Asks: 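Below are the structure tokens for one structure; questions will follow.
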Amino acid sequence: MARLLLVEDDLTIRTPLLRALRERGHAVAAASTAMTGLRDALDDRPDLVVLDLGLPDLDGRELLRMLRAVSAVPIIVATARDDETEIVRVLDAGADDYLVKPFTAAQLDARIRAVLRRGTGPAQDDPALVVGGLRIDARSRQVTLDGTPVELTPREFDLLHHLAGRPGQVVTKRELLAEVWRIPYGGADKTVDVHLSWLRRKLGENAQEPRYLHTVRGVGVRLEAPGGVG
Ligand code: CA
């Protein structure tokens with residue numbers, strides 16, 4: 001399931017496509033002009049935009065450039081022109097893929113899934129991680145522990161999310177600095193220690209009596225469910 005924005009002015013294309021994509025389990029919003037498409041793409045932050053190039057108010061290529069200037073949202077262009085120059089121009093302008101009209105909903109859905117699989121980040125199409133009573137939802141960036149919400153800072157969330165993606169494995173501080181802090185060299189282990197202790201406190205535990213976060217002295221840290229089953 002993905003949250004899609006379909007920018008298409010032609011009702012004879014838009015209506016059946018909307019229905020077919022919804023039947024395939026996507027949440028689909030539609031816009032019929034470039035300007036409403038631009039506004040919706042920025043306000044609603046869809047997972048992917050399907051963009052028709054022939055729009056009434058503005059050339060779709062122009063909208064593609066405007067969108068690309070302000071957003072990394074994946075974009076699939078629907079074009080009526082099956083010529084190489086056009087396709088190269090569209091891809092150069094930042095489209096992730098294209099389809100030549102007419103196309104079926106099945107073809108579009110396959111392209112959507114392929115583009116989302118390539119992904120732009122871990123939140124893309126990524127189901128919640130569950131470790132014991134911890135549930136970490138990358139999309140909404142919300143964490144619950146035994147059903148109760150846990151308020152985390154963005155860094156604490158990223159740290160927990162990274163560990164929860166590798167339950168039962170010891171993750172080194174070096175790896176955490178590189179992956180969570182984006183510090184490839186020379187970061188201080190202390191930085192990780194401090195955030196781990198904050199995270200512990202929010203999860204209602206401490207280093208002496210760990211439940212989820214286990215320090216492996218001299219190596220790193222391991223997240224696992226109480227009882228040892230990830
Ligand atoms: Ca059109």
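Please read all numbers here as calculations on a predicted model, not as lab measurements. Counting starts at 1 for both ligands and their atoms, following the listed order.
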Asks: Is it true that Asp52 and Arg14 have a side-chain N and a carboxylate O under 4.0 angstrom from each other?
Replies: no

Asks: Counting N and O atoms only, with roles assigned by atom type, does the side chain of Arg200 sit under 3.5 Å from a partner on the main chain of Leu213, one being a donor and the other an acceptor?
Replies: yes

Asks: Could you give all pairs that pass the salt bridge (Lys or Arg N to Asp or Glu O under 4.0 Å) test and reach residues 71-81, with sequence neighbours left out?
Replies: Arg81-Asp83, Arg81-Glu86

Asks: Who passes side chain to side chain contact (heavy atoms under 4.5 Å, CB included) against Ser197, sequence neighbours left out?
Replies: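 None.
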
Asks: Identify all side-chain donor-acceptor contacts of residues 30-42 below 3.5 Å with residues at least two apart in sequence or on another chain.
Replies:
residue, atom, partner, partner atom, Å
Thr33, OG1, Thr36, N, 3.2
Thr33, OG1, Thr36, OG1, 2.8
Thr36, OG1, Thr33, N, 3.4
Thr36, OG1, Thr33, O, 3.1

Asks: Using a cut-off of 3.0 Å, find all protein N, O or S atoms closer to the Ca ion (ligand 1) than that distance.
Replies: Asp9 OD1, Asp52 OD2, Gly54 O

Asks: What about Phe157 and Leu145, same hydrophobic cluster or not, with Ile/Leu/Val/Met/Phe/Trp/Tyr joined at side-chain heavy-atom distances under 4.5 Å?
Replies: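 Same hydrophobic cluster.
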
